[in-house]
Amino acid sequence: MIDFEFRKQVMDYHMGSDIIKYCYQCSRCTDYCPVSKVTKDFYGTTGYDPRKNILNALLGYKEAIFNSDSLTIWGCTVCDTCDELCPQNIELTEIFTFLKNESIIKGEGPDFLYSQAKAIFDTAKAIPSQSAIERRRQQLDLPAVLSPNVDEIKTLLKNIGLDKKLKED
Amino acid sequence: MTEYKMFEGCTIGNRIPFIEAASRKVFEKLNIQTSQAPFSCCPDPTGMKSFDNNAWLAIGARNLCLAEEENKDIISLCNGCTNTLRGVKHQLNHDSSKKERINLELSKIGREYKGTIDVKHFVDVLKDKSDEIKNLITKHLTGLNIACHPGCHYMRPSEWMESDDPMRPMNLKEIVSLTGANVINYDVEALCCGSAVHNAYEEYGALILKEKLDAIKKAGADVICVNCPACFQQFDTQQRNLTKNFEKEYNIPILYLTELLALAMGMSPDEIGLKFHRVRLNSVIEKLGL
Ligand code: SF4
Ligand code: SF4
């Protein structure tokens, strides 16, 4: 089933506007994708496939993307190779960012991303400072890391609505 | 003299600070001056960007504001941080509606993104100082075979990184060769280390890493040189698991570019904390007679 609203969102998302419609399914993206290489079988029927994602996004086949194995969206390791090699200059990873952001809203993203976002919301750092490492920094003659303004980051993120996407741990 | 704002990033600052130690020492030798700022997480271009692109833009833009307020460029020790800060700049500078939206949020915390400063990866700063580096080499690393892994986000997407050839990177190799070491070529030099996908699908991250390491082994490397803490961690911590899971030995030592330069500039392994690496560097230290 074609989801026209989804289709419009995809078209609008790309920085070079609707350039995605020039995808001619050459499969160069998939041929050079390191994750496709280690997940696809010989006929390419299973495994991670950026070409298929672009096709389904372009046509508005929302269900084909979201109602399948989470690998469909989250297999991408964001190496940005496809962006470089696409002959039509499609920024695939921007479309994939949109798909991932939508999957997060549905609560279907990988757990580590929810914990990372929570750590940033709570401490302004993805990896909060620990006393053992602070001591090691002293041993190495390093200055202490300056503490970020956590309240400011919290306000910023709350206003954007990030707190509503977090999960309780 | 230009002074940069140092962006050490969460991983180096709060997990593997010995890399910051080597970097600061090398910068000092080269007269690269830095000062600190209370930066937050960059945030991660494979993490927060995938979670919520607007939050990625807003936090990144706020970090840029801190440097703008002092009118200083940023020097970053990490591919991910550089990629985020340059990527946020790129999106905001090329999309006025995004810039307006983000500035509206920033105004609520009393800040404004203007786009007045530049963000530099430390490799690019070092590249411009090749002559000075050459003059500072006191310990030539002759006979050491080095495989270079610049990592994805140092040069891709080329549209906003503007650093090197996106599929045939040369900068890291050129800097490493200044030390007199033997830079070896191997297949899949531009291939990812597998770090980002490893978090969600360990088995696929491991397979990508294996492909990379098999090529590096085949080429006969004594050591792998990197310029990104995420790649460093992937290589340094995952080789043991690969050895276990694939019943084949993976035990190639890793050196950060600034650690390698520190050694070549005459610093001792102890001074820069090489003992904190997981994969032991004994073979390298022996070969170099350190
Ligand atoms: S490389 Fe570009 S044009 Fe070719 S299939 Fe992939 S997205 Fe479409
Ligand atoms: S960015 Fe993602 S989809 Fe594109 S080549 Fe890399 S892993 Fe594959």
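Values below: every heavy atom of this structure, side chains too, minus hydrogens, waters and symmetry copies. Keep in mind it's a predicted model, so treat the numbers as computed, not measured. We name chains A, B, ... by the order of the sequence lines, and we start the count at 1 in each one.
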**Item:** Non-hydrogen atoms of A:Ile20 and A:Ile90 that approach each other most closely
**Value:** O-CD1, 3.8 Å
**Complete:** Honestly, the part of B:Glu8 sitting under 4.5 Å from a heavy atom of chain A is side chain
Return all side-chain donor-acceptor pairs below 3.5 angstrom for residues 137-145 of chain A, not counting sequence neighbours, or 'none' if the list is empty.
| unit_1 | atom_1 | unit_2 | atom_2 | d |
| --- | --- | --- | --- | --- |
| A:Arg137 | NE | A:Pro143 | O | 3.2 |
| A:Arg137 | NH1 | B:Gly13 | O | 3.0 |
| A:Arg137 | NH1 | B:Glu20 | OE1 | 2.8 |
| A:Arg137 | NH2 | A:Pro143 | O | 2.8 |
| A:Arg137 | NH2 | B:Glu20 | OE1 | 3.1 |
| A:Arg137 | NH2 | B:Glu20 | OE2 | 2.9 |

**Request:** Please flag which part of B:Arg111 lies under 4.5 Å from any non-hydrogen atom of chain A: side chain, backbone, both or neither.
**Result:** side chain
**Item:** Part of A:Tyr114 lying under 4.5 Å from any heavy atom of chain B
**Value:** both
**Message:** Using a 4.5 angstrom heavy-atom cutoff, name the option from B:Asp44, B:Leu66, B:Val188 with the most pairs to chain A.
**Reply:** B:Asp44
**Request:** Name the region of A:Thr123, side chain, backbone, both or neither, that has any atom closer than 4.5 Å to a heavy atom of chain B.
**Result:** neither
**Asked** Which one, B:Cys42, B:Ala55, B:Gly110, B:Cys193, leads in non-hydrogen pairs under 4.5 Å with chain A?
**Response** B:Ala55
**Asked** CG/B:Leu274 to OG/B:Ser268 distance, rounded to the nearest 0.5 angstrom?
**Response** 8.5 Å
**Request:** Might you confirm whether atom OH of A:Tyr22 has over 12 heavy atoms from other residues, nucleotides or ligands at distances under 6.0 Å?
**Result:** no
**Min side-chain heavy-atom separation B:His121-B:Asn227 under 4.5 Å** = yes
**Item:** chain A contact via B:Lys108 - side chain, backbone, both or neither, heavy atoms under 4.5 Å
**Value:** side chain
**Proximity breakdown for A:Ser103 and chain B, heavy-atom pairs closer than 4.5 Å** = neither
**Proximity breakdown for B:Phe51 and chain A, heavy-atom pairs closer than 4.5 Å** = both
**Message:** Looking at B:Tyr250, I'd like to know if the NZ or CZ of B:Lys210 sits under 6.0 Å from its six-membered ring centre while staying within 45 degrees of the ring's axis.
**Reply:** no
**Fill in**
Rounding to 0.5 Å, atoms CG (A:Asp3) and CG (A:Asn56) come to a distance of 12.5 Å
**Message:** Report which part of B:Met6 has an atom under 4.5 Å of a heavy atom belonging to chain A: side chain, backbone, both, or neither.
**Reply:** neither
**Leading residue by heavy atom contact count with chain B [cutoff under 4.5 Å; candidates A:Asn101, A:Thr155, A:Ile105, A:Val78]** = A:Asn101
**Message:** Suppose we call two aromatic rings close when their centres sit under 6.0 Å apart. Are B:Phe18 and B:Tyr256 close by that rule?
**Reply:** no
**Message:** Looking only at heavy atoms and a cut-off of under 4.5 Å, which of B:Thr11, B:Val197, B:Asn14 has the most pairs with chain A?
**Reply:** B:Asn14
**Asked** Parallel, tilted or perpendicular: which describes the rings of B:Phe27 and B:Phe122, with under 30° parallel and over 60° perpendicular?
**Response** tilted
**Steps toward side-chain contact (heavy atoms from CB on, under 4.5 Å) verdict (A:Lys40, A:Tyr48)** = CA-CA 6 Å; A:Lys40 281 180 67 155; A:Tyr48 178 68; 5.9 Å; no
**Message:** If you count heavy-atom pairs within less than 4.5 Å of chain A, which of B:Gly194, B:Gly273, B:Ala37 leads?
**Reply:** B:Ala37
**Message:** Under 4.5 Å from any heavy atom of chain B, what part of A:Gln116 do you find: side chain, backbone, both or neither?
**Reply:** side chain
**Salt bridge flag under 4.0 Å for residues B:Arg168 and B:Glu189** = no
**Fill in**
Given A:Leu71, A:Leu99, A:Asp151, the one with more heavy-atom pairs under 4.5 angstrom with chain B than any other is A:Leu71
**Message:** Can you see whether B:Tyr113 has B:Arg62 sitting over its ring - NZ or CZ less than 6.0 Å from the centre and within 45° of the normal?
**Reply:** no
**Asked** With only heavy atoms counted, which part of A:Ser129 is less than 4.5 Å from chain B, the side chain, the backbone, both or neither?
**Response** both
**Proximal component of B:Ala190, with respect to chain A [non-hydrogen, under 4.5 Å]** = neither
**Message:** Test your reading of the model: is there a side-chain donor-acceptor pair from B:Asn63 to the backbone of B:Phe39, 3.5 Å cut-off?
**Reply:** no
**Message:** So for B:Leu191, is it side chain, backbone, both, or neither that comes closer than 4.5 Å to the heavy atoms of chain A?
**Reply:** side chain
**Item:** pair B:Leu255-B:Leu263: side-chain heavy atoms closer than 4.5 Å
**Value:** yes
**Request:** Return the option, out of B:Ala200, B:Pro157, B:Gly47, B:Cys192, with the maximum number of heavy-atom pairs under 4.5 Å with chain A.
**Result:** B:Pro157
**Message:** Please classify the contact between B:Asp52 and chain A as side chain, backbone, both or neither, with a heavy-atom cut-off of under 4.5 Å.
**Reply:** both
**Under 4.5 Å from any heavy atom of chain B - which part of A:Pro148** = both
**Complete:** Looking only at A:Glu84, A:Lys100, A:Lys125, the option with the highest number of non-hydrogen pairs under 4.5 Å against chain B is A:Glu84
**Complete:** The interface call for A:Asn149 against chain B, heavy-atom contacts under 4.5 Å, is both
**Message:** Under 4.5 Å from any heavy atom of chain B, what part of A:Ile104 do you find: side chain, backbone, both or neither?
**Reply:** side chain
